[in-house]
2 protein chains.
Amino acid sequence: MKATIKDVAREAGVSVATASNAMNNPEIVKPQTREAVLEAARRLNYVPNANGKRLRARESRTIGLFVNAMTGEFYGALADSMNQVCRAQGYELDICIVADIDSIRFRLQDHSMDGAVIFWDAVNEEAAAQMAESDCPLVFLAVNQQGAHSSGILFQSREHGRMAADYLYGLGMRRLMHVFGIAGNYDSEMRRQGFLEGLEEHGIPREEVRILEGRFERGYAYREMRKYLQEGNPLPDAVFAANDLSAIGCIAALNEQGYRVPEDISVMGCDDISLSEYITPALTTIRTQFEQTGTQAAQEVLRLIRGEAGRLMQQEGMIVVRKSCRIRKETAG
Amino acid sequence: MKATIKDVAREAGVSVATASNAMNNPEIVKPQTREAVLEAARRLNYVPNANGKRLRARESRTIGLFVNAMTGEFYGALADSMNQVCRAQGYELDICIVADIDSIRFRLQDHSMDGAVIFWDAVNEEAAAQMAESDCPLVFLAVNQQGAHSSGILFQSREHGRMAADYLYGLGMRRLMHVFGIAGNYDSEMRRQGFLEGLEEHGIPREEVRILEGRFERGYAYREMRKYLQEGNPLPDAVFAANDLSAIGCIAALNEQGYRVPEDISVMGCDDISLSEYITPALTTIRTQFEQTGTQAAQEVLRLIRGEAGRLMQQEGMIVVRKSCRIRKETAG
DNA sequence: ACAAATCATTGAAACGTTTCGCAAAAAAGG
DNA sequence: CCTTTTTTGCGAAACGTTTCAATGATTTGT
């Protein structure tokens, strides 16, 4: 039915070995025969069987990306940017949406990929270290891991928290609130910690910073903020939310209770999802540069495949100033 | 280094054939020996080589998804929902972001997938028909194609346009505007056509419907609408935009020129991206039900793999009523 | 013109599986 | 206790490649 390399060889009147060489090691076969082989392949519509090829060659020229899901802006950007790098280097990108950690372990060992990038919620330092023992080159996103064949790329979440603290303090904010993400989540914890540390350096003790739960969700943050306001608690000068979605939830609650952003209170997010640009007021936030992360991760895994040693890397962020934060005259220096 | 089935067989004191059977055809091997094999496999951390397996078994239990890119809400939802169905049926989902149509053709023939869903801009009916000649089961999204091993799933874009026309007419709108998408794009053309047809059935001739270019982009629609208003053209009763993004652009331009939505003018979108719920006013739009499409597509490709015949399917839409359209008293029946 | 060196091609083995047909062993029937 | 049937396990072939070592053909050097 479907043409194999044998058929091509027969059609071109050469041995299988020569046919293979004509296609994969063009330089060692006489131009004339090579052309004959290629022509035969074309005529027969030959497409090499990927499984035979990978089995024998002991490499798949595929790199994997393991994620929990693809819904959400980050994932698409990550995948697209990784794909671009991989393609340019002659690799396929194989995106695996995976529900349990064991299937990651399994797939890493079944020889279907030469290396992988792992961005998976429940992969912590311990799990990562264990996975890294396989000889498959691995890049972990948001995990502190570094080994012979494994690298980690950390989002500077603590640093992001600090940036927010500095920025808001610089605008004259003194009574701060933080909308927390998810307990145990690395980025969550780091953002909070960095924010509190940054404020402490400006002389604001962490006990004075009000913490609300947000769970990274718009709705949850909205409800928590509404409850907070309805209970008659004091309005802070500014809010730093653990992500844009919860910042947007806060703004909705604030507006609903008659407060204006940024006139009465400033709100700052984190992530810079595309939505943030379009809401009113446009959200001031910290951009985590998704595409750049993908590019970096792909390049890193290719580097590991080349045999270079693993390392720990950082992914920088930057403040994107829009309309949701405004200087506070009374206190600003 | 890495354990193969031979090692497992030796460790368990059985032949390779038995080892294989113990794992894949448990019923034909004595419980006692089966347990021994499984135990040996566990001890050696055995993971079957996917390439050997697929080569011999002549199936990969993998289904492919070919797309132009993963950025954009639709793709994530599509991938996640497909993944869920595939997983439940014991298949892997292999997402391929692909830059040229020939690599689709290639991948379809290299035996790395048992079937595929194709949602790729430049795959038109002609290209689809050609691809369908391969014996790989194929489901095309937004392409009119049906064959022995191939199905098409059409978005009811014309129907969506009609729904918008009916809805807006029912609210009392008589002077309508349509913000067009991209010329040549199937959904674009169909939405416009359906919208105009629908209005005609209500006695509004298509010449009276003002058409603006929107290119599916927020910024482009914004500029076109601004220009339109600044030139002193009459304000329509309602706008139906080809997608939510351009609807949002229109609203921004309208607000900027001092018009209120929906008090002065109604605006309706199409797609129901998540953003639409959060802007003010929350956008009335037509939901195209991304997840459902993915589920349907995955089920269909599995159906084709089972050997059933291809067919043509429709993907329904529904109006999501929010705040951006309001009844118009003067004319409403 | 002959040996040496280079070039082009090839047969066969190997990659890790599954599966077919057969043999051995066990169970059942008389 | 012998035959028949059923159960269990095995050897070997096959899937489609790549690649190694070897062979034969051609060119080079003297």
Side-chain angles (χ1 to χ4, degrees), chain A residues 1-38 40-41 44-62 90 106-114 135-136, chain B residues 1-38 40-41 44-62 90 106-107 109-114 135:
Chain A
M1 183 90 214
K2 188 157 289 178
T4 78
I5 200 174
K6 270 188 195 165
D7 302 318
V8 174
R10 182 169 351 99
E11 176 87 4
V14 300
S15 76
V16 171
T18 303
S20 173
N21 280 326
M23 306 194 255
N24 303 309
N25 304 83
E27 67 281 4
I28 78 166
V29 44
K30 192 160 66 174
Q32 187 183 336
T33 34
R34 169 172 12 123
E35 202 37 66
V37 170
L38 296 182
L44 297 178
N45 244 310
Y46 171 68
V47 173
N49 181 309
N51 304 126
K53 198 161 181 152
R54 292 169 170 186
L55 174 59
R56 172 61 223 221
R58 319 179 117 261
E59 67 164 13
S60 59
R61 292 199 83 77
T62 295
F106 189 89
R107 287 295 306 271
L108 288 177
Q109 308 231 74
D110 76 355
H111 291 89
S112 62
M113 39 191 68
D114 297 347
D135 50 0
C136 184
Chain B
M1 183 88 218
K2 186 156 291 180
T4 77
I5 200 174
K6 271 187 195 166
D7 302 318
V8 174
R10 185 170 349 101
E11 177 86 4
V14 301
S15 76
V16 171
T18 304
S20 173
N21 280 327
M23 305 194 258
N24 303 310
N25 303 85
E27 67 281 3
I28 78 166
V29 44
K30 192 161 65 173
Q32 186 183 337
T33 33
R34 170 172 11 123
E35 201 38 65
V37 170
L38 296 182
L44 297 179
N45 244 309
Y46 170 68
V47 173
N49 181 309
N51 304 127
K53 198 160 180 152
R54 292 169 170 186
L55 174 58
R56 173 60 223 222
R58 319 179 117 259
E59 67 165 12
S60 58
R61 293 198 81 77
T62 295
F106 190 89
R107 288 295 306 271
Q109 309 233 70
D110 76 355
H111 292 89
S112 60
M113 39 191 68
D114 297 347
D135 50 0

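Per chain, numbering begins at 1; letters A, B, ... match sequence-line order. Only a predicted model underlies this, so the values are computations on that prediction, with no experimental measurement involved.
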How many Å lie between CG on B:Asn49 and P on D:dC15, as a whole number? 18 Å
Does NZ in A:Lys2 sit with more than 12 non-hydrogen atoms of other residues, nucleotides or ligands closer than 6.0 Å? yes
side-chain N/O B:Thr33 vs D:dG9 OP1/OP2, d < 4.0 Å: yes
Specify the separation, in whole Å, of atom CG of B:Asn21 and atom P of C:dC20. 10 Å
Would you say a side-chain N or O of A:Lys53 is under 4.0 Å from OP1 or OP2 of D:dT18? yes
Rounded to the Å, how far apart are B:Leu55 CG and C:dT19 C1'? 14 Å
Does D:dT8 have its OP1 or OP2 closer than 4.0 Å to a side-chain nitrogen or oxygen of B:Arg34? no
Roughly, in whole Å, what's the span from OH in B:Tyr46 to P in C:dT17? 3 Å
Would you say the side chain of B:Arg56 and the base of C:dT17 hold a donor-acceptor pair, judged only by whether the two atoms sit under 3.5 Å apart? no
Can a side-chain donor-acceptor contact be found between A:Ser112 and B:Arg54 if the only test is distance below 3.5 angstrom? no
Report yes if a side-chain nitrogen or oxygen of A:Thr18 is closer than 4.0 Å to either non-bridging phosphate oxygen (OP1 or OP2) of C:dT9; otherwise report no. no
Let me know the distance between CD of B:Glu27 and C1' of C:dT19, rounded to the nearest Å. 14 Å
Whole angstrom is fine here: how far is it from CZ in A:Arg61 over to P in D:dT18? 13 Å
Heavy-atom closest contact (B:Val8 atom, B:Val37 atom, distance): CG1-O, 3.9 Å
All heavy atoms of B:Gly90 vs all of B:Arg61, minimum pair found to be O-NE, 3.4 Å
When we call it a touch if two heavy atoms are under 4.0 Å apart, what does B:Asn24 touch: a base, just sugar-phosphate, or nothing? sugar-phosphate
When we call it a touch if two heavy atoms are under 4.0 Å apart, what does B:Thr4 touch: a base, just sugar-phosphate, or nothing? sugar-phosphate
A:Lys30 atom NZ is separated from C:dT10 atom P, nearest whole Å, by 11 Å
Tell me whether the OP1 or OP2 atom of D:dT18 has a side-chain N or O from A:Ser20 closer than 4.0 Å. yes
Touch check for A:Val14, heavy atoms < 4.0 angstrom, all strands: base, sugar-phosphate only, or nothing? sugar-phosphate
Comparing B:Ala17 and A:Ala3 on DNA chain D - which has the more 5′ nearest nucleotide: B:Ala17
Exercise: identify the closest heavy-atom pair between A:Ala3 and A:Tyr46: O-CD1, 3.5 Å
A:Asn51 CG to D:dT18 P, in whole Å, measures 13 Å
